[in-house]
4 protein chains.
Amino acid sequence: MPRPKSDVKRSAILEAATRVIVTQGLSAPTAAISKAAEIPNGSLFTYFATKAELFDQLYLELKREQAMAAMEGLRRDAELSAQLFQVWENWMWWGRSFPEKRRAMEQLDASVEITSETRSAAHAAMAGVADLVDRVRAKGHLRKAPLRFVVGIVNSTAETTMEFMDLDPWNAKNYCRAGFDAVWRVLN
Amino acid sequence: MPRPKSDVKRSAILEAATRVIVTQGLSAPTAAISKAAEIPNGSLFTYFATKAELFDQLYLELKREQAMAAMEGLRRDAELSAQLFQVWENWMWWGRSFPEKRRAMEQLDASVEITSETRSAAHAAMAGVADLVDRVRAKGHLRKAPLRFVVGIVNSTAETTMEFMDLDPWNAKNYCRAGFDAVWRVLN
Amino acid sequence: MPRPKSDVKRSAILEAATRVIVTQGLSAPTAAISKAAEIPNGSLFTYFATKAELFDQLYLELKREQAMAAMEGLRRDAELSAQLFQVWENWMWWGRSFPEKRRAMEQLDASVEITSETRSAAHAAMAGVADLVDRVRAKGHLRKAPLRFVVGIVNSTAETTMEFMDLDPWNAKNYCRAGFDAVWRVLN
Amino acid sequence: MPRPKSDVKRSAILEAATRVIVTQGLSAPTAAISKAAEIPNGSLFTYFATKAELFDQLYLELKREQAMAAMEGLRRDAELSAQLFQVWENWMWWGRSFPEKRRAMEQLDASVEITSETRSAAHAAMAGVADLVDRVRAKGHLRKAPLRFVVGIVNSTAETTMEFMDLDPWNAKNYCRAGFDAVWRVLN
DNA sequence: CATGAATGAGCGTTCATTCAT
DNA sequence: GATGAATGAACGCTCATTCAT
């Protein structure tokens with residue numbers, strides 16, 4: 001049976017890890033994470049067998065949360081452009097709301113320690129977004145390109161946009177709109 | 001002056017570091033790097049005072065090399081679209097030729113250890129590309145967005161494109177072209 | 001509380017350090033100390049954060065122990081000369097009983113690494129002895145000299161005496177008596 | 001042939017070592033010493049084969065210099081008390097003039113690295129002082145104690161006195177006189 | 001001879017993980 | 001199960017000494 005004990009503690013560890021990664025990077029000691037989570041250091045290992053597993057699960061959790069946030073409340077009967085815009089707004093809004101999650105994810109993404117299984121699962125979590133992108137680009141210039149590639153472009157544009165929203169929050173809305181326009185033109 | 005510091009050895013270390021980072025990540029022991037460079041452990045520190053300094057300098061070197069490669073042989077009298085295409089091709093070609101450099105750079109980019117001075121210097125190295133991007137987008141949709149942002153989008157698109165060229169070399173040319181089309185449409 | 005820090009182990013480390021310092025000096029590797037204490041390398045740092053801290057605490061402990069030993073069983077109602085003699089004998093006896101402690105202390109005393117806070121605390125530990133010295137010298141030649149200085153002379157004479165007792169144990173008693181006579185004449 | 005080259009450089013190294021030892025202790029890197037002597041680090045080893053040899057020779061040199069200073073201009077026809085006082089004053093004056101030499105000597109004295117041969121030679125350098133002490137104590141309380149011991153007491157009293165002269169220079173003369181009185185009473 | 005880069009054994013310390021309590 | 005002390009392999013870095021120039 002997974003997650004033997006308190007789900008609360010497990011979440012506390014994941015959140016603490018997020019914060020710690022942002023400030024100290026992936027080489028942060030596990031002790032820093034348990035301290036940030038206000039749990040004794042040994043307890044961390046009752047929830048995650050190894051540091052690598054913790055990072056793997058954190059990565060997956062963050063990706064899933066991001067994907068869920070993006071698809072939240074999507075009106076599947078609306079026009080495609082409206083759907084894409086809604087997803088984009090959700091996505092950017094998630095980035096604004098959880099800058100630390102976004103930054104931690106960025107680091108985890110670059111790490112060689114994340115297993116390919118986890119990367120696949122993370123990719124799968126984005127299936128909803130990918131599907132929408134697929135429908136939007138159906139008659140556009142990238143209609144023949146592999147969907148993974150197109151999603152990759154959309155994704156990296158999203159990350160760049162969120163980064164600038166975070167760096168310069170005053171213009172967050174402008175970045176959001178400009179990012180969407182860019183993606184829209186790429187897909188059409 | 002007896003045995004002046006050899007630039008050859010310095011370069012050997014940087015190249016070895018590149019290779020090691022790709023396979024082992026940034027947490028690779030310095031000993032792995034010196035071994036890969038076929039020099040004794042202690043000698044690494046004759047050239048770089050600390051591991052962090054080595055990574056800083058490697059990052060800067062890679063960014064500069066990439067920027068130089070992108071601008072190589074640019075015909076400043078040609079049309080803007082041709083100029084941008086040439087830069088893009090150079091850039092992608094560099095990525096294909098040195099996949100390890102590209103991947104190492106990706107990891108260094110995400111690291112919290114790279115100093116902001118180094119990041120600024122790296123940014124400055126891209127001034128030529130940024131200037132061209134600025135001229136191309138002058139009448140486009142992103143004409144009012146901060147140039148940094150526009151360059152950021154172009155850059156992340158370039159990275160994604162190179163990544164797919166590397167993953168699926170058979171279609172490298174198609175990715176290159178598709179990436180350029182995407183960027184072109186974003187900037188216009 | 002699982003496995004609370006053991007005072008036994010702490011003491012074992014301090015004793016081992018004493019022995020090692022005598023034979024190898026202050027530059028002895030911490031590994032030599034943990035080996036002598038029959039504990040694993042890393043455990044030393046559970047008890048002392050740094051080598052310097054270990055030495056600081058050892059110094060203080062030795063000074064305190066020495067001072068305690070000197071004052072042991074002092075009859076405060078006896079004549080001053082008898083009190084001083086008793087303290088002197090205690091002191092010398094401690095030196096004879098723990099030659100390694102004395103020698104380690106000597107090295108620590110000379111080290112630039114001992115903090116001034118620790119030196120102050122060590123000085124404070126000698127307050128009882130200092131007070132007695134003060135009363136003895138009250139009518140002597142050194143009655144106007146700073147007490148610190150007078151105690152310094154007494155202390156260095158004590159150290160020299162113990163050193164010779166150790167070098168030539170056969171005559172230990174004679175050195176002890178001669179040392180006392182010297183101190184007595186200095187103070188009167 | 002000893003001292004192959006520039007005696008000037010040799011002295012510069014010894015002086016630099018003195019200064020460095022005072023501030024950094026005996027564990028100071030040889031590079032710190034050569035830097036302080038303003039010579040290249042490799043050159044140090046053309047003058048002293050090893051760090052230990054440098055320290056050995058420095059110790060001996062300092063001891064000899066101190067002894068020479070103490071005996072300087074001694075009027076062997078004066079009364080013993082006057083002779084001893086003169087030696088004492090010379091000695092204390094040397095300590096005041098070269099506090100760094102005194103402090104470095106203190107550290108070297110405590111070090112386990114100084115060979116016993118060197119210690120013997122250092123002891124021999126004090127023969128003149130020892131002889132005078134011997135004559136002074138001839139009819140005193142310590143007349144039967146080993147001369148080495150008596151000299152040891154005198155020496156440690158001298159060191160303590162010089163230390164306080166250095167700590168509190170305003171009262172240097174008083175310490176000097178009080179130290180002499182103490183020694184005088186010990187020897188008589 | 002003089003130099004300073006090169007060397008590699010060695011050190012203090014860290015930290016993921018284990019395990020006695 | 002929960003804890004935090006214990007562990008020991010590993011790491012970044014130092015530095016006395018060597019040696020190519």
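Because the structure is a prediction, the values reported are computed rather than measured. Chain naming here is simple, since letters A, B, ... match the order of the sequence lines and numbering starts at 1 in each.
B/Glu113 CD to B/Glu53 CD: the interatomic distance, rounded to the nearest 0.5 Å, is 13.5 Å. The NZ atom of A/Lys63 sits 8.5 Å away from the CZ atom of A/Arg119 when rounded to the nearest 0.5 Å. Note: A/Phe45 CZ to A/Thr30 OG1 = 4.0 Å, rounded to the nearest 0.5 Å. Taken from OH in D/Tyr59 to OG1 in D/Thr115, the straight-line distance is 10.0 Å, to the nearest 0.5 Å. Interatomic distance, CZ of A/Arg102 versus CG of A/Asp166, reported as 4.5 Å (0.5 Å rounding).
With DNA chain E read from its 5' end, the first of the two nearest nucleotides for A/Lys51 and C/Ala28 is the one closest to C/Ala28. In this structure, B/Pro29 and D/Thr30 both approach DNA chain F, and ranking their closest nucleotides by distance from the 5' end singles out B/Pro29.
Here E/dC15 presents its C1' atom at 16 Å from CG of C/Leu44, a figure rounded to the nearest Å. Whole-Å rounding puts the B/Ile13 CD1 to E/dA6 C1' distance at 11 Å. Following rounding to the nearest Å, B/Phe55 (CZ) and F/dG12 (C1') show an atom-to-atom distance of 12 Å. A straight line from CD of B/Glu38 to P of E/dG8 spans 14 Å, rounded to a whole angstrom. Per the geometry, CZ belonging to B/Phe48 stands 15 Å off C1' belonging to E/dA5, to the nearest Å. A straight line from NZ of B/Lys5 to P of F/dT21 spans 17 Å, rounded to a whole angstrom. Here the C1' atom of nucleotide F/dA6 and the CD1 atom of C/Ile39 are 10 Å apart, to the nearest Å. As rounded to whole Å, 18 Å separates atom C1' of E/dT7 from atom NZ of B/Lys35.
Within a heavy-atom distance below 4.0 Å of DNA chain F, no residue of residues 14-27 of chain A is found.
B/Ala52 comes within contact range of no nucleotide atom at all, as no heavy-atom separation falls under 4.0 Å. Residue B/Tyr47 is classed as a sugar-phosphate contact, given heavy-atom separations below 4.0 Å to backbone atoms only. Nucleic acid contact class of A/Ala32 (heavy atoms, under 4.0 Å, all strands): none.
You'll find that the side chain of B/Phe45 is closest to F/dT14, out of E/dA5, F/dT14, F/dT17. Checked against F/dT7, E/dT3, E/dG8, the side chain of B/Pro40 finds its nearest nucleotide in E/dG8. Of the candidates E/dT13, E/dT3, E/dT17, the closest approach to any side-chain atom of A/Thr50 belongs to E/dT17.
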Pair pattern of DNA chain E in dot-bracket, where unpaired bases get dots and | marks partners in another strand, Watson-Crick or G-U under 3.5 angstrom:
.||||||||||||||||||||
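Between the C/Tyr47 side chain and the C/Ser6 main chain, a donor and an acceptor come within less than 3.5 Å of each other. Panel note: side chain C/Thr118, backbone C/Ile114; no donor-acceptor pair is recorded below 3.5 Å.
Salt-bridge check for D/Glu15 with D/Arg19: failed, with every basic side-chain N at 4.0 Å or more from each acidic carboxylate O.
Here A/Ser43 does not reach the OP1 or OP2 of F/dA2: none of its side-chain N or O atoms lies under 4.0 Å away. For the OP1/OP2 pair of F/dT3 and a distance below 4.0 Å, the side-chain nitrogens and oxygens of A/Lys9 include at least one atom meeting the criterion.
Side-chain atoms of C/Asn41 stay outside donor-acceptor range of the base of F/dA10, with no qualifying N/O pair under 3.5 Å.
With sequence neighbours left out, C/Glu61 forms a salt bridge (charged side-chain N to carboxylate O under 4.0 Å, His left out) with C/Arg10.
Of the N and O atoms on the side chains of C/Thr46 and C/Ser43, not one donor lies less than 3.5 Å from an acceptor on the other residue.
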